[in-house]
Structure formats: C-alpha cells, structure tokens
There are 2 protein chains.
Amino acid sequence: MSPQTNHSLSVDCVIFGFDGHSLKVLLVEREFVDGRGEKIVDYKLPGNLIFENEDLRTSAYRTLAEYTSTRDIYLRQLHVFSRPDRVSGDELRWLNEYYRVNTTRVVTVAYYSLVKLDSRLIACAADKGARWFDVESVNRLAMDHKTILAQALEMLNRQLMTEPIAFELLSSRFTLRQLQMLYEAILGIEIDNRNFRKKVLSSGYIRETGEKEKNVSHKPAAYYTFDKQKYQKDVRQKFRLNFINWQL
Amino acid sequence: MSPQTNHSLSVDCVIFGFDGHSLKVLLVEREFVDGRGEKIVDYKLPGNLIFENEDLRTSAYRTLAEYTSTRDIYLRQLHVFSRPDRVSGDELRWLNEYYRVNTTRVVTVAYYSLVKLDSRLIACAADKGARWFDVESVNRLAMDHKTILAQALEMLNRQLMTEPIAFELLSSRFTLRQLQMLYEAILGIEIDNRNFRKKVLSSGYIRETGEKEKNVSHKPAAYYTFDKQKYQKDVRQKFRLNFINWQL
DNA sequence: GCAAAAGTGTTTCATGTACACCCATGT
DNA sequence: ACATGGGTGTACATGAAACACTTTTGC
C-alpha cells in the first residue's frame, strides 16, 4: 500500500439558527443526474473544496460568507469524516463535475457554527438556493451529511450545558424568556422559570439594558445583554465557571 | 483560485501514558539534514500518511500498532491542523524523502490516545527509535507538534474531569491511591483523600477485587477495578453521570 | 375587567469541602 | 517498636429543585 495521492479535502458547515421556537439548520439544494439519467433533487450541507494556500478555517468562513454574507459568526471545528467511500458513484461524479476536478476520494472536515437568525439571513439563503430547515424535520441528506448533522447536534447540546454559547443564537438584546425557550427547545426539556432566572442572573454575565418590550398585550419583558468581555476575561484568568449544567 | 490538488493527509498520534508519578508522551526521534547540510536530530509525534482506501482512524491504529504492538487502545480524534505552511522548507523536504512522495502541503489530523504504560511498552518504543518523555519536560518538537501536544493536554484535562478515562491509563487492577495520584499529577492539584474515595466509590463503577498489595512495608492497599460494562450501559440509557467535576 | 405573559422567595435535599486519627505491614 | 502509607466519619456550606401567586400591559 502507498500513501493516498489523488484525493480532495472539503469543508462542510453545519450552520444552526434559532427562530424563537425551534432550532434551524441551513441546507443547500443540490440537483444531479444519477446513473440511469434520472434527475434527483436533494439537500446537502453548505461546503467547499479547500483552495491552495488556504486554511481550513478560512475555507469554512468562505463558505459561511457565501450563504450569509457575514463573517462575524461563531465557528468551530467539529470532526473529520474520512470513510474512503463516503463520496462515491453518482455522488463522486456530481462532485467532480460541480467543482471541475477529478478526484477519487473526498475527506471532509465538518465545522459547526451558530448565527443570529433574522429575515435578512433567510432572504440571503434563499438567493443562493439554500433554506433554513427545522432540525427535527430533516430526513435524508446527501452523502454522509445526516451523520455530520447528528454529530453537530450532539456537540451543540453538550456545549449549551457547559458554555455560554446560547447568546450566539440570539440577537444581542434578548429577554430571559427567549433565552429559556432556546434552552428548552434545543435540549428538549422543561425548565422552571424561577430557577432559570436565578441561575442565569447569578452568573454575573447578564446585564439589564433598561429597555423593555413595546406593544405587547401583556407585561413587557426587560431586555438583557450578555457581557462577553467579562466572561472572556474570567475564562482567561482560569476562573472556569460552571455556566449551566443541567446535565443529566 | 482553484481547489488544492497536490497535498497529503497525515495522522499524528499524541499517545499518553502514566508511570505512577507523572504523565508521559511517546515521541519519535527524527534525523534530517537541513539546507546547510547540517544533521539535525529532533523529536516528533508518531504519525503516518494515510493510505488509499484507509480510514483516518485505521491509519491512526496502524501508527499506534507500529510503536506499541497493540490495538487495544483508547483512541480519539482531536483536531485538524491545516496551516498551509505548517510543513515547509527543510521539513517538507524531509517528509517527501521519508515517505517517498512528492507533496507540497500536508494537512494533519491529530489523534490522542491513552495507554497503560508498562515495561513491555517502554522496551517496544525503544526498539522503534521512540521514547516516553515526561510531558513537563518537552521543549521543542518538529513542525507544529508542540501545538498539537498542548491541545491534546487540554483535552485530556477536560476529559479527565468529565469522563471516566483515567482507567485507560491504569492497569485493570489498581489501588485508589494510584488513581488519586493520576488525577493529582495530570490536573496539577491536590485532592483530599477521604473526599476522593467517597466520591469515587459512590459512583458505583468501582469494584473491589478482594486482592491486596503484597510485600509492602505498610498497610497493604486493596485492588479495585473499573466496571466499564456497567458504565457504558448507563451511558446508553442516558443516565449521564457527573463522573468527576473538580473543575475550576 | 380580562387575557397573557412577566416577574418574584422560600424550603428541602443532595452534594461538595474541610478536617485528624487509627490500622496493618515490613524491617 | 517504629516507620510507612492505607483507610475511615462528621459537621458545615453551597447549590439545585420543587413549588404558586402578583404584576403590567393591550384590547
């Protein structure tokens, strides 16, 4: 056996968003013709082949920018998927055509990222043939992308319990109820709101803005922000905190 | 710009062992001639280029087997390192010569693994030009391997606090003191032994073997084992446990 | 004034932490 | 008999969980 030579490296991004009710993921429509000449339409994660002289992270940001027109996004490496036959047959043919290459094997590095979902982003995705899907309702995906999505979800769950990343999914000004809904929706649990507020506020990283909701037919909620500077300073000083650990 | 074509994928393994006192890492001696014709000897992590038709994980196991003659080893993917110039100049020349390839860029996937260090392993490593170094005393390493090692250490620390992986570093029969020493050495903290025993034993995964130390000039310690089956069953049933969290 | 969501405190229980002495063995 | 590390229990502090009612707004 000899070292692999004719292979490619790709990046696939699992981009999560939260619309206030459920967790969404960005998927790209793909059209291709299978071996029997039939046209197939399915969905895949946004991705790219890496360029020469380009970092994987840079490549991931390039992909993100393509579908969101923004670079100010939480991004993290997830896992490498390297089964030799993960892209083969019709799918390999599609890929070689699409990227105008001639490769026999594609190893992909999955990244996962979190965005503050808004109407601009939804429109932006639609422009590029992509759509935000409810995570729960995703069935089949191209190649091994379903596996990648599952692993990203697992990571998101774990991270949500141990790091303050929820704020990457919310606009910078949010109500505590929105924050709680996010935890409940993603973790699939119910949380007592008194205990939730106590825990969150006692962290010391949630600041009142002084502003309140307007034009709501109930008691208006106060808006808060997350003090990221303070958090990062504390982390650097090794004051590791137990941000939230409803881990059972 | 166009997709990268002439590149290679490698696997590098950070293999940790524990000798009862301090954390060790396996490093391989490398000899090469630099641009000025001077012979340089340094150390690197054990690694390989991936073969055609070979999984990354398989490639990592191949590397492990090379230096330990065993496959029964804890192994986990860590991170991909992809800086375009991470292997360049003399080092790239060395690599092309060593593996008899002709590549312009090497992206590496780091794996980290834990072994039960014993005299057989030490001898086995020596046979292959490798040595077990005290982690604290590692200075310079080839390429970006120092960075990789640092990241593996961070992962080990985090995992030690949240998962029962300590047992991958101890022989299957161990005393509680040995276990405690391991935590203290790796995390760099002191632990009260009464509290340690209480916590560890109350987990329900530590079983007495009934055997005791022999020929020691003090009260002989009891040997215990870790009930991995029970732990894995509980994990599968989503009874996530908080194994140890002396995290701060 | 009523519907709808926001906001607020106390008690109980489990878990973490601090702390000091006796025990079993080899020499 | 003494040196060496093994092994044990209790009291206190902290944090999680359970639980129900009042407040503010738009209509």
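All chains are named by letter (A, B, ...) in the order of the sequence lines, taking the proteins before the strands, and each is independently numbered beginning at 1. Atom set for the values below is all heavy atoms of this structure, side chains included, hydrogens, waters and symmetry mates excluded.
- Side chains of Ser59(B) and Asn48(B): a donor-acceptor N/O pair is absent below 3.5 angstrom, by distance only.
- Atom pair Tyr224(B):OH and dG6(D):P shows a separation of 12 Å (rounding to whole Å applied).
- Atom pair Leu201(B):CG and dG16(C):P shows a separation of 14 Å (rounding to whole Å applied).
- Remark on DNA chain D: of its neighbouring residues Lys214(A) and Arg197(B), the 5'-side contact belongs to Arg197(B), judged by nearest-heavy-atom nucleotide.
- The backbone N or O of Ser137(A) sits nowhere less than 3.5 Å from a side-chain atom of Asp134(A) that would complete a donor-acceptor pair.
- Listed by chain and number, the residues in a side-chain contact (heavy atoms from CB on, under 4.5 Å) with Asp42(A) are Arg30(A), Phe32(A), Ala142(A) (sequence neighbours excluded).
- In this structure, Lys230(A) satisfies the cation-pi test against Tyr205(A), with its NZ or CZ atom closer than 6.0 Å to the six-membered ring centre and inside 45 degrees of the ring normal.
- Nucleotide dA18(D) holds its C1' atom 17 Å from the CZ atom of Phe196(A), rounded to whole Å.
- Atom OH of Tyr183(B) and atom P of dG16(C) are 13 Å apart (whole Å).
- Within residues 170-182 of chain B, the residues having any heavy atom under 4.0 Å from DNA chain D are, by residue number, Arg177(B).
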Give me, pair by pair, the N or O atoms of the protein and of nucleotides 19-23 of chain D that are less than 3.5 Å apart, along with how far apart they are.
unit_1	atom_1	unit_2	atom_2	d
dC19(D)	N4	Asp192(A)	OD1	3.4
dC19(D)	N4	Arg194(A)	NE	3.4
dA20(D)	N1	Arg194(A)	NH1	3.3

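- Annotation: cation-pi pair Arg173(A)/Tyr223(A) present, NZ/CZ under 6.0 Å from the ring centroid and within 45° of its normal.
- Classification of the Tyr231(A)-Phe226(A) ring pair by plane angle, with boundaries at 30° and 60°, yields tilted.
- Side-chain contact check for Arg86(B) and Thr147(B): no donor-acceptor pair (N or O, by modelled atom type) lies under 3.5 Å.
- A salt bridge is absent between Glu29(A) and Lys128(A): the closest approach of a Lys/Arg side-chain nitrogen to an acidic carboxylate oxygen does not fall below 4.0 angstrom.
- Atom C1' of nucleotide dG5(D) and atom NZ of Lys212(B) are separated by 13 Å, given to the nearest angstrom.
- Side-chain atoms of Ala221(B) lie closest to dG6(D) of the nucleotides dG7(C), dA16(D), dG6(D).
- When the P atom of dG7(C) is taken as reference, atom NZ of Lys199(A) falls 20 Å away, rounded to whole Å.
- For Lys219(A), the side-chain hydrogen bond (donor to acceptor under 3.5 Å, both in side chains) test picks out no residue, with sequence neighbours left out.
- By the ring-ring contact (aromatic ring centres under 6.0 Å, His included) test, Tyr61(A) pairs with no residue at all, sequence neighbours left out.
- Atoms NE2 (His218(B)) and P (dC23(C)) sit 18 Å apart, rounded to a whole Å.
- Both the sub-6.0 Å distance and the 45° axial angle are not jointly satisfied by Arg76(A) relative to the ring of Tyr74(A).
- Pairs of Watson-Crick or G-U wobble type, with distances under 3.5 Å, assemble into runs of 3 or more in DNA chain C at these ranges: C:1-27 with D:1-27.
- For the pair Glu213(B) CD and dG7(D) C1', the interatomic distance rounds to 12 Å; values are reported in whole Å.
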